[in-house]
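Below: the structure, in structure tokens.
In this chain, numbering begins with 1 at the start of the sequence shown. Values in this document were obtained by computation on a predicted structure and should not be read as measured data.
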Amino acid sequence: MGENQPAQRREAAARPVEAGVTTGSLARRLGVSPTTLRSWDRRYGVGPAVRSDGRHRRWTPQDVAMLEEMCRLTSAGVPPAQAARTAQEGAGRNRPGPELPGGGDRPGGHRSQAAGALPLGDVRQECRGLARAAVRLDAPTVGDQLASLVARYGVVLAWDEVMVPTLHAVGRKWESSGDRYVEVEHLLSWHISRALHRATEPVAPEGTRAAAGPVVLACVPGEQHSLALEALHAGLVELGLPTRMFGAAVPTEALTAAVRRLGPKAVLLWAQTRSTADLPLARHVADTRWGVKGARGHPAVLLGGPGWAGRPVRGMLRPPGLQDALGTLSALYDLPVPVTRG
């Protein structure tokens with residue numbers, strides 16, 4: 001047995017080290033497609049420094065840092081060829097590769113301070129990939145990233161820990177950039193809405209819970225911001241709870257008619273701003289009755305959104321976030337508090 005040890009050590013030393021991440025994992029992290037990474041390698045020579053068995057790409061931390069820099073630069077509007085050259089120089093990479101097209105001055109002062117970088121702070125890595133794709137207006141990648149997030153983590157975690165932080169970062173960016181990047185916010189919001197709508201395929205029949213009445217979701221009159229309400233709708237569907245979504249700026253008469261016709265277990269009224277938070281309307285909905293005399297019903301009323309802040313109303317709940325709202329509504333149906341995937 002001892003005679004074979006030197007040969008075994010030589011064989012082990014000759015085997016390639018399986019270090020780094022795969023192309024698929026890196027693509028998800030950066031918010032680009034695997035095809036884009038392969039294209040950058042082929043056109044600009046920014047592939048991995050080492051390939052296992054000569055074919056399979058394994059990206060080391062140094063390779064990843066180089067690609068992150070390239071993404072920052074391209075997001076800032078630097079042409080890919082120049083971004084690749086700068087990223088390679090920053091990584092100390094001088095290995096031969098394809099000739100980079102497009103001469104001219106090399107960009108300077110961009111390292112870690114690219115104009116297109118979003119102020120994300122300490123967030124999940126998925127936020128960074130989603131933000132980079134959104135800044136590039138790379139709609140296919142944004143859509144793929146969001147669909148993957150919801151499928152992997154569920155609605156609550158995807159919303160609370162990736163979608164909302166990225167939206168906030170985009171908002172801060174355009175507020176501090178003279179109304180630039182508005183197009184980024186619109187594109188990202190639309191794709192988040194689309195991902196949430198796709199998540200509303202019922203996972204279980206409403207069954208006996210429907211007899212208790214659905215949850216009615218509605219934005220108050222004049223309130224056009226419905227994205228958070230769409231997240232709550234998707235979360236309720238994911239839990240198999242009956243729900244009816246009415247969307248943005250629901251007129252008072254229409255909301256009252258819907259409550260009387262549906263006999264809901266609960267009504268959640270969303271107000272994004274203080275100017276749209278209508279307390280008389282909330283009280284009116286809470287006082288709405290239906291059914292025969294002696295067995296009349298009325299809904300629990302929940303107030304959602306920052307517009308209601310500092311305006312407590314007796315007998316009405318104000319859940320501070322998506323997870324709390326789902327927990328409160330689940331309890332109304334005598335269901336356990338939902339647990340997020342992570």
Side-chain angles (χ1 to χ4, degrees), residues 11-118 120 123-149 152 162 166 184:
E11 290 174 5
R15 286 196 297 266
V17 178
E18 291 294 329
V21 297
T22 64
T23 297
S25 297
L26 180 58
R28 289 190 294 271
R29 175 173 176 172
L30 296 176
V32 301
S33 69
T35 301
T36 296
L37 292 181
R38 287 190 285 269
S39 174
W40 285 353
D41 182 11
R42 185 173 62 255
R43 297 179 63 186
Y44 309 122
V46 289
V50 177
R51 286 176 170 81
S52 62
D53 72 23
R55 295 183 301 106
H56 299 294
R57 293 172 171 85
R58 303 290 296 191
W59 303 81
T60 66
Q62 292 76 19
D63 297 329
V64 172
M66 179 182 64
L67 266 297
E68 287 177 337
E69 178 68 359
M70 181 160 178
C71 285
R72 279 193 291 268
L73 293 170
T74 55
S75 295
V78 177
Q82 294 183 11
R85 182 184 294 121
T86 302
Q88 286 179 310
E89 290 176 350
R93 181 84 72 83
N94 293 309
R95 67 183 178 86
E99 181 180 353
L100 301 181
D105 294 336
R106 295 173 181 175
H110 288 287
R111 188 166 182 79
S112 76
Q113 297 293 329
L118 296 179
L120 285 163
V123 294
R124 294 179 69 101
Q125 187 60 48
E126 291 92 344
C127 292
R128 303 187 186 283
L130 182 61
R132 292 188 184 103
V135 169
R136 293 195 308 273
L137 303 182
D138 185 351
T141 298
V142 169
D144 290 345
Q145 292 270 324
L146 290 168
S148 176
L149 283 167
R152 183 181 304 175
V162 181
T166 307
V184 177

Item to check | From CG (L130) to CG (D144), nearest 0.5 Å | outcome: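 Here the rounded value is 11.5 Å.
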Checklist entry - Got a second to check how far R29's CZ is from R132's CZ, nearest 0.5 Å? => result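 Going from CZ on R29 over to CZ on R132, the span is 8.0 Å.
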Considering all heavy atoms, the nearest [X]-[Y] contact:
X	Y	result
C127	V162	SG-CA, 3.5 Å
V46	L67	O-CD2, 3.4 Å
D63	P48	OD2-CA, 3.5 Å
Q88	G45	NE2-O, 2.8 Å

Checklist outcome for this item: Residues at least two apart in sequence or cross-chain that pass side chain to side chain donor-acceptor pair (under 3.5 Å) with Q145, listed by chain then number, are none
Next on the checklist: Quick one, R58 and V21 - any side-chain contact, counting heavy atoms below 4.5 Å?
Outcome noted: no
Checklist entry - With a 4.5 Å limit on heavy-atom distance, are the side chains of M66 and Q62 in contact? => result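 When only atoms from C-beta onward are counted, Q62 and M66 do not touch, as no gap falls below 4.5 Å.
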